[in-house]
Each structure stands twice: as structure tokens, then as C-alpha cells.
Amino acid sequence: MNVILPDGSELALPEGATGRTVAEAIGPRLAKAALGVTINGTLSDLDTPLSQGDQVGIVTAQSKEGLDLLRHSASHVMAEAVTRVYPGTKVAIGPSIKDGFYYDFDFPEPISEEDITRFQEEMEKSIKEAQPFERREVSREEALDLFKDEPYKVELIRDLPEGSTISIYRHGEFLDLCRGPHVPDTSRIPAVKVLSIAGAYWRGRSDNPMLTRIYGTAFPSKKELEEHLARLEMARQRDHRRLGKELDLFSFHDEAPGFPFFHPKGMVVVNTLLDYWRREHAAAGYQEIKTPIILERTLWEQSGHWDNYKDNMYFTKIDDLDFAVKPMNCPGGILIYKSSQHSYREFPLRMAELGLVHRHELSGVLHGLFRVRSFTQDDAHLYCLPEQVEDEVVGVIELVRRMYRTFGFQKVHMELSTRPDKSIGTAEMWERAEAALAKALERLGLEYQLNPGDGAFYGPKIDFHIEDVMGRTWQCATCQLDFAMPDRFELEYIGEDNQRHRPVMLHRTVLGSIERFLGIIIEHYGGAFPAWLAPVQVVAVPVADRHVDYARSVAAELAAAGLRVEVDERTESVGRKIRDNEMLKIPFMLIVGDKEVAAGTVSVRAHGQGDLGAMSREVATATIAAQAQMPSTGV
RNA sequence: GCCGGCGUAGCUCAACGGAAGAGCAACUGAUUUGUAAUCAGUAGGUUGGGGGUUCGAUUCCCUUCGCCGGCUCCA
């Protein structure tokens with residue numbers, strides 16, 4: 001019998017260990033360091049008795065499993081605390097999640113934010129008491145009886161097959177239905193914090209009753225908890241809604257909920273982003289098109305949106321005809337495809353559109369630029385032969401990764417979603433398409449997650465996810481095959497055999513939504529855009545009024561070099577002007593006073609780097625212009 | 001859409017069933033400034049909208065709109 005220590009080294013257990021608990025077998029020192037153990041690879045409690053030949057692994061809070069153990073145990077402690085403060089509260093479930101845990105409750109009376117402190121205090125009490133977590137196994141019938149006053153638990157137990165054995169855990173007075181394992185006792189949760197109260201549907205279904213969810217987090221030390229709370233605060237400071245206001249990029253107004261208003265500086269960023277996008281797409285062989293925002297009802301009936309997506313669409317009546325505001329760009333793009341006859345020789349045909357779409361999202365889901373009701377998709381539709389699919393998908397993936405790298409998003413999480421239960425098309429079509437997507441990913445040597453059955457009804461897809469500073473992941477890029485549209489619109493091309501055939505159609509986006517992507521990069525950069533994207537790239541700061549003319553002439557040179565430059569002509573102290581421009585996160589400042597005027601130089605300051613010293617005007621202009629250059633395509 | 005919270009000056013926030021306030025921003029004047037806040041003064045409000053209770057409502061109640069935290073949703 002061996003124990004594998006966290007550092008990977010092995011420790012042999014004495015012969016007499018069989019039959020004793022893990023804690024006894026490994027001794028008090030190791031037991032104190034362990035939050036749990038694995039026995040033959042399965043996460044277990046420290047007081048589990050050992051069998052002959054068991055392989056034991058020590059789980060500490062430094063591992064993901066250990067952290068989960070800690071947090072899940074903390075959720076039990078929170079449930080106990082909450083039921084102590086509000087007797088009669090019905091408990092639902094309390095798992096560990098990324099960065100913490102939650103527990104869902106059904107309270108006998110409404111609770112408020114102030115209760116968080118009371119829950120926290122109760123939790124700390126029971127942690128101080130070092131109550132051991134005790135595991136017990138009972139029959140399904142026993143469990144139903146034990147939890148007869150807990151309707152949510154009863155529902156969970158009833159879902160288990162007859163005759164199953166059910167494990168329950170007790171610490172102090174609190175008994176919970178739980179697969180386990182847990183930390184040995186409550187004192188092993190050194191740092192815990194109750195964070196917030198929210199609503200959540202029982203079992204995640206919107207037709208179920210709404211429960212009260214309480215979020216918390218736990219860490220192996222107070223220090224790590226403090227660091228986590230500091231990270232949350234930093235993330236709050238970087239919230240794009242806050243920075244959008246501070247940097248005067250965009251705003252929202254009650255008169256148009258969910259529809260962003262872009263200010264001049266925000267438009268500079270958007271337009272620069274689009275310049276970059278157009279250059280990348282031209283280099284990758286895309287043509288750009290533009291289709292109308294309002295199209296007649298009949299088109300949406302043909303595309304299927306009228307039947308499947310009506311609830312999310314905006315409508316209008318013009319000259320007694322029904323029109324819809326487009327929620328997607330494909331039908332319009334398809335009309336362009338159909339406006340001429342196509343040959344296989346044109347393929348692959350790549351038609352991109354920065355399409356403004358409107359979707360009537362539920363009011364509760366709106367969230368800054370991340371979730372809006374009108375946004376610009378960087379859409380493209382690719383028409384090709386079946387044998388070209390793999391190459392085209394490879395091209396899309398490469399384009400996505402190249403463009404993401406430009407913004408420093410190195411880690412992109414990819415998911416391949418396959419045929420759902422309800423789908424159109426033949427099994428053979430799906431198999432071929434899924435294989436082409438998988439082969440494209442494999443050809444590039446990329447890891448991806450497989451989501452069986454998660455594809456759209458009309459075809460399989462690859463989704464690309466990036467993570468924002470708050471740790472939320474956002475789907476930006478997508479690459480989907482579409483079996484539906486070509487049929488519905490009877491798309492054709494003339495093949496080598498001079499016969500009519502149906503083309504393969506691919507939808508894809510790279511940035512996803514320009515608005516959402518802007519929100520993501522605002523947070524990603526903390527508002528301090530790289531020079532090529534910054535709304536104002538340089539500001540000339542005259543020391544006194546008499547230096548304004550010199551500052552203007554310096555600015556004129558920078559503007560002539562294609563830079564976005566301003567002169568801070570306010571009659572304020574130098575310190576004040578520097579502070580204000582730093583807070584606007586302008587990449588470069590050129591301070592000019594008597595010394596600079598006399599020497600014909602500028603004093604350069606870079607955001608976040610401070611004073612870089614004096615430079616000649618020519619060198620400063622050339623240096624800044626070089627740094628403000630749009631990244632190259634790398635093609 | 002659902003659960004909960006919040007809407008007070010341009011922004012961040014106080015106060016309170018009994019005369020709506022601060023800091024920053026703005027404006028005016030003075031200062032002409034050397035690498036993250038010069039000083040003084042002035043102005044700024046139908047307390048999101050509507051209704052009700054009350055002698056009196058920014059405060060309490062109802063309603064509506066919006067925002068925030070989640071949930072569901074994101075084809």
C-alpha cells in the first residue's frame with residue numbers, strides 16, 4: 001500500500017494499515033496537511049477505512065480537487081449557518097463552483113443583504129467549533145424519512161433508483177444529502193466569505209419556483225481570500241461600463257435600453273478596429289458586402305426565422321407590407337448569392353458583412369456592451385464544395401487565432417458541437433461535416449472540447465471562447481455549417497459536370513459582435529488601449545501659455561505623421577494636466593516648456609511608464625508613429 | 001421574463017415624515033505653473049415618471065420605466 005504525496009513522491013504504508021482509516025494510517029502530520037484523499041483515484045474522506053492494496057493520494061488545498069473539497073464543505077457550513085439564523089428554511093443544493101460556492105434556499109420569509117453578516121458570523125462560529133464531518137450510508141427509504149421535512153431533498157432522493165444506497169453527511173446539527181467527500185472537520189476551512197444573494201430557479205428550469213441563492217467563497221488561507229477579494233475589486237475598476245463613461249467612449253440612455261450610443265472617442269476605437277478587421281479579411285480572401293437592415297416578411301418566412309425566432313425580432317409595417325428588422329445577416333447575403341449564377345470555379349466564395357442586427361433580448365439579460373439589443377456582427381458566409389470544407393475551416397480557425405493574438409488573447413477555448421436530437425439533414429451529411437470540422441482542428445494540432453448533441457439544428461459548429469478579466473468566458477467567434485439555408489433558398493452552382501448542385505454554406509464570425517468585443521478589450525486592457533487603438537494617441541502639454549504655439553507646431557507634425565493628437569491648452573498646472581491625461585490613459589504625452597522650445601525638443605512621457613526624457617521632435621514623432629502602427633497581418 | 005436590490009446636481013455619494021448637502025467636474029476671477037490635483041468665488045435639483053397615504057413625502061404605500069447582482073435565455 002502506497003501513499004502518493006502532493007509533491008509526487010511515494011510513501012509506503014505499514015502492513016497493519018488495512019482496516020484502519022486513512023487518517024490513522026498516514027499519521028497525524030500528513031492528516032493535518034490533507035483536506036481529503038484519493039483512494040484508487042476516487043476522491044474520499046480521511047476517515048475512510050483502507051482495504052488491502054489501496055492506492056492513496058493526498059489531496060491538499062493547493063490542488064483543484066482540494067479547493068473544491070474546501071468550498072463544497074464551506075457550502076454545508078453556510079447552509080447550517082443560514083438555517084440557524086432562519087429556522088424553517090428549506091435547503092436545496094450547494095455545490096462548489098469556479099472561485100467559490102453557493103447554496104440554494106427556500107426561505108420562510110424574505111431576507112436582505114444585511115443578513116450576509118449574520119450568516120458570516122454563524123459560519124465563523126461553527127468553524128471555530130471544529131465540528132467533524134461524519135459520513136453515513138442509508139437506504140433510500142431511510143433517507144426519505146430523514147429528509148421528510150425537506151421537500152427539495154425528497155425530490156432529489158425520489159429521482160434515485162429504488163434500492164440505492166445514499167450517503168449523508170452531518171456536521172454539528174446539520175444533516176445533508178451529499179455524495180461527499182468533505183474536509184475532516186469545519187476548522188479546516190480557514191478563510192470563508194459570504195458574498196452575495198441572488199435568485200435562481202430550482203434545478204435551473206425557468207418553470208420551477210425561484211429559490212434564493214447565496215454565493216460565497218473559501219480559500220486555504222486568509223491571505224489568499226484577501227487577494228481574491230482584491231482581484232474582484234480590480235475587476236470592478238476595469239468594468240467596461242465604468243471605463244466607457246470615464247473615457248467618454250459610449251453611453252446608454254433610458255430612451256433606448258440595450259442600444260449603445262457611441263461617442264466620438266468610442267467611434268475612433270471602433271473604426272480603427274474595423275480598419276484592422278478589413279485589412280485581415282482582404283488578406284484572407286474575403287469580399288465585403290452590405291445588405292439592408294429591414295427586409296420583407298416573406299424572406300423571413302422562407303428562412304425559417306419567422307417560425308423559429310419571431311419572439312426576438314422587431315417588426316414594422318411599410319405601405320401595408322410586413323417587414324422585419326434583421327436578427328441575422330444570412331438571408332440578405334443569400335439574396336446576393338442568388339443574384340447571379342455561380343460556377344464551382346468561383347469557389348470558395350467568401351462574402352463578409354459587418355451587419356447591424358437587432359434582437360429583442362429579454363430585459364433582464366442586458367449587460368453593458370456584452371449583451372445589447374442591436375449590434376454589429378463581423379459575419380461572413382462561405383460557399384464551397386464539400387471537399388473544400390476542411391480547408392475553409394482551417395482558414396477560419398487560423399484567421400481567428402491570428403486576430404486574437406493581436407489583442408493578446410493567447411488562450412482560446414474551442415468547442416466542437418455535433419448533431420442534436422432535433423436536426424435536419426441526413427446522418428451522412430452530419431458525419432461528413434463533423435469529421436471535416438474535427439479534422440481541421442486536428443490538422444492545426446488544437447485541443448478542443450467535444451459537445452455531443454450541442455450543435456444547431458441546421459449543422460455542426462466550432463465555437464471559440466475567450467475569458468474576460470472577471471473570469472467570465474464569452475463566445476466571440478463561431479464557425480458553423482448550415483444544411484438548412486442552401487435548401488430553403490435553393491442555392492445552386494454549376495459543377496464540373498455542367499449539372500446544378502447545392503453548395504456547402506459556412507457561417508462564421510471572428511470578433512462575434514463588435515460591441516461585445518469592444519467591451520472585452522476595454523476590460524482586457526483596463527482602458528489603456530495599445531497606441532494603435534487609442535482614441536487619442538498623443539497629447540502635447542505646454543508648461544505655460546507661452547508654449548502653446550510650440551506645442552501646436554509639434555502636434556501638427558504628429559498629425560502629419562498620421563497620429564491622433566491633441567494639445568492640452570488649459571491654463572492649469574503641469575502636474576494637473578499630466579494627471580488628467582494619465583487618467584484618460586493616453587499612451588504618450590509630450591511636455592514642452594522653455595527648455596524644449598530653446599532646444600527644439602520634446603519631453604516624452606508614456607502611460608504607465610512615466611518620464612522617458614527628452615527627444616528631438618523628429619525622433620519623438622518617428623518613435624511614436626512606429627508604436628502606433630496597426631499590427632501587421634502576419635500573412 | 002423571473003428573484004432580490006437600487007434610482008438624490010454632469011459624476012461619486014450623504015441626509016431625512018418637518019428648510020435637499022459634500023467632494024470632484026462645470027463656470028468666473030486670480031495664478032503662468034516642469035512630470036499624477038494652485039487658490040478663491042459662482043452656479044447647478046419638480047430627489048426617474050405617475051398615483052396614493054399625510055397638515056406636510058425625497059423619505060411610507062401602489063404602479064411604471066430604467067439600472068445593478070444573479071437565474072433562465074443567447075438559434
Side-chain angles (χ1 to χ4, degrees), chain A residues 97 102 104-107 110-115 195-215 236 239 241-242 245-246 248 251-258 303-305 307-313 327-328 330 359-368 370-373 375 417 420 422 454-459 461 463 474-475 478 480 482 484 507 512-513 516 541-548 570-584 589-596 603-614:
Chain A
I97 50 171
Y102 68 78
D104 286 344
F105 302 97
D106 189 352
F107 283 96
I111 65 159
S112 73
E113 300 277 334
E114 281 92 73
D115 288 314
L195 293 172
S196 59
I197 300 175
Y201 296 110
W202 165 235
R203 305 192 113 176
R205 279 196 288 273
S206 56
D207 43 355
N208 279 345
M210 183 67 79
L211 303 174
T212 304
R213 175 168 298 179
I214 303 181
Y215 284 92
R236 210 176 64 82
D239 190 314
R241 292 166 298 189
R242 177 197 190 94
K245 201 181 279 182
E246 285 174 10
D248 198 18
S251 56
F252 286 91
H253 302 275
D254 286 1
E255 292 82 352
S303 72
H305 289 92
D307 287 336
N308 298 312
Y309 204 65
K310 210 168 21 188
D311 291 346
N312 284 306
M313 288 166 70
M328 290 181 88
C330 346
R359 298 179 183 185
H360 186 228
E361 304 288 359
L362 294 176
S363 59
V365 307
L366 302 176
H367 183 113
F370 286 165
R371 196 76 184 271
V372 288
R373 283 177 170 156
F375 57 97
S417 300
K422 270 192 195 161
D454 227 23
F457 72 91
Y458 53 75
K461 60 177 180 174
D463 289 331
W474 294 100
Q475 185 208 313
T478 185
Q480 336 189 323
D482 191 335
H507 307 258
S513 136
R516 169 182 290 183
V541 178
V543 171
D545 288 351
R546 64 179 177 278
H547 309 121
V548 166
R570 293 174 304 161
T571 306
E572 289 286 352
S573 67
V574 177
R576 174 51 175 269
K577 285 189 273 199
I578 287 172
R579 178 169 198 269
D580 289 347
N581 289 304
E582 280 290 345
M583 292 206 299
L584 290 171
M589 265 185 251
L590 302 179
I591 290 107
V592 295
D594 290 336
K595 274 186 290 180
E596 287 76 16
S603 176
V604 182
R605 206 189 140 95
H607 177 75
Q609 295 174 55
D611 192 354
L612 300 183

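Letters A, B, ... mirror the listed sequences (proteins, then strands); counts begin at 1.
Here B:U35 is the nucleotide among B:G66, B:U35, B:C11 with the atom lying nearest to any side-chain atom of A:R605. Relative to the side chain of A:M583, the nucleotides B:A75, B:G34, B:A36 differ in distance, and B:A36 lies closest. The side chain of A:R213 has B:C71 as its nearest neighbour among B:A75, B:C71, B:G34. Of the candidate nucleotides B:G1, B:C74, B:G70, B:G70 has the atom lying nearest to any side-chain atom of A:M210. Of the candidates B:C67, B:U35, B:G1, B:G1 carries the atom nearest the A:V365 side chain, counting heavy atoms from C-beta on.
Comparing the P positions of B:C74 and B:U47 gives an interatomic distance of 43 Å, to the nearest angstrom. Look at the C1' atom in both B:G10 and B:U63: the space between them is 29 Å, to the nearest Å.
In this structure, CG of A:D254 is placed 7 Å from P of B:C67, rounded to the nearest angstrom. The distance between atom CG of A:L211 and atom P of B:C3, rounded to the nearest whole Å, is 13 Å. Atom pair A:Q475:CD and B:C74:P shows a separation of 11 Å (rounding to whole Å applied). Between the CG atom of A:L366 and the P atom of B:C67 there is a distance of 6 Å, given to the nearest Å. Between the C1' atom of B:U12 and the CG atom of A:D239 lies a distance of 15 Å, rounded to the nearest Å. Rounded to whole angstrom, the span from the NZ atom of A:K245 across to the C1' atom of B:C67 amounts to 9 Å. As rounded to whole Å, 13 Å separates atom P of B:C74 from atom CZ of A:F375. In this structure, the CD1 atom of A:I214 is 14 Å from the C1' atom of B:G5, given to the nearest Å.
Side chain to side chain, A:D594 and A:H547 meet the donor-acceptor criterion of an N or O pair below 3.5 Å.
With sequence neighbours left out, A:Y201 forms a side-chain contact (heavy atoms from CB on, under 4.5 Å) with A:S206, A:M210.
B:C27 is paired with B:G41 under the Watson-Crick or G-U wobble criterion, all donor-acceptor distances under 3.5 Å. Base-pair partner of B:G66: B:C6 (Watson-Crick or G-U wobble, both distances under 3.5 Å). Nucleotide B:C71: paired with B:G1 (Watson-Crick or G-U wobble, both distances less than 3.5 Å).
Using a distance-only test at 3.5 Å, with no hydrogens or angles considered, no donor-acceptor pair links the side chain of A:R605 to the main chain of A:G613. Proximity of a side-chain donor or acceptor of A:Q609 to a complementary backbone N or O of A:A606 within less than 3.5 Å is not detected. Side chain of A:K461 to backbone of A:D482: no donor-acceptor contact under 3.5 angstrom is found. For A:D115 (side chain) and A:S112 (main-chain N/O), a donor-acceptor pair under 3.5 Å exists by modelled atom type. Of the possible polar contacts, none joining the A:R359 side chain to the A:N312 backbone as a donor-acceptor pair under 3.5 Å is found.
Within 4.0 Å (heavy atoms only), A:H547 reaches no atom of the nucleic acid at all. Among the heavy atoms of the strands, none lies under 4.0 Å from A:G610. As judged by a 4.0 angstrom heavy-atom cut-off over every strand, A:F457 is placed among residues touching the sugar-phosphate backbone only. Within 4.0 Å (heavy atoms only), A:P110 reaches no atom of the nucleic acid at all. Using a 4.0 Å heavy-atom distance criterion, A:M328 is classed as a base contact. Across all strands, A:E113 comes closer than 4.0 Å to no nucleic acid atom at all (heavy-atom distances). Counting any heavy atom pair closer than 4.0 Å across all strands shown, A:E596 reaches a base atom.
Residue A:S206 has no polar side-chain atom (N or O) positioned under 4.0 Å from OP1 or OP2 of B:C2. Contact annotation: A:R205 side-chain N/O to B:U72 OP1/OP2 distance is not under 4.0 Å. Within the structure, every side-chain polar atom (N or O) of A:Y215 is placed at least 4.0 Å from both OP1 and OP2 of B:G4.
Geometrically, A:R213 engages A:Y102 in a cation-pi contact defined by less than 6.0 Å to the ring centre and at most 45° from the axis.
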Its contact letters, B for base, S for sugar-phosphate only and - for none at protein heavy atoms under 4.0 Å, make nucleotides 24-33 of chain B read -S-----BBB
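Between the base of B:G70 and the side chain of A:Y201 there is no donor-acceptor pair shorter than 3.5 Å. A donor and an acceptor atom never sit less than 3.5 Å apart when one is taken from the side chain of A:E255 and the other from the base of B:G66.
The aromatic rings of A:F107 and A:F105 sit tilted, their planes meeting at an angle between 30° and 60°.
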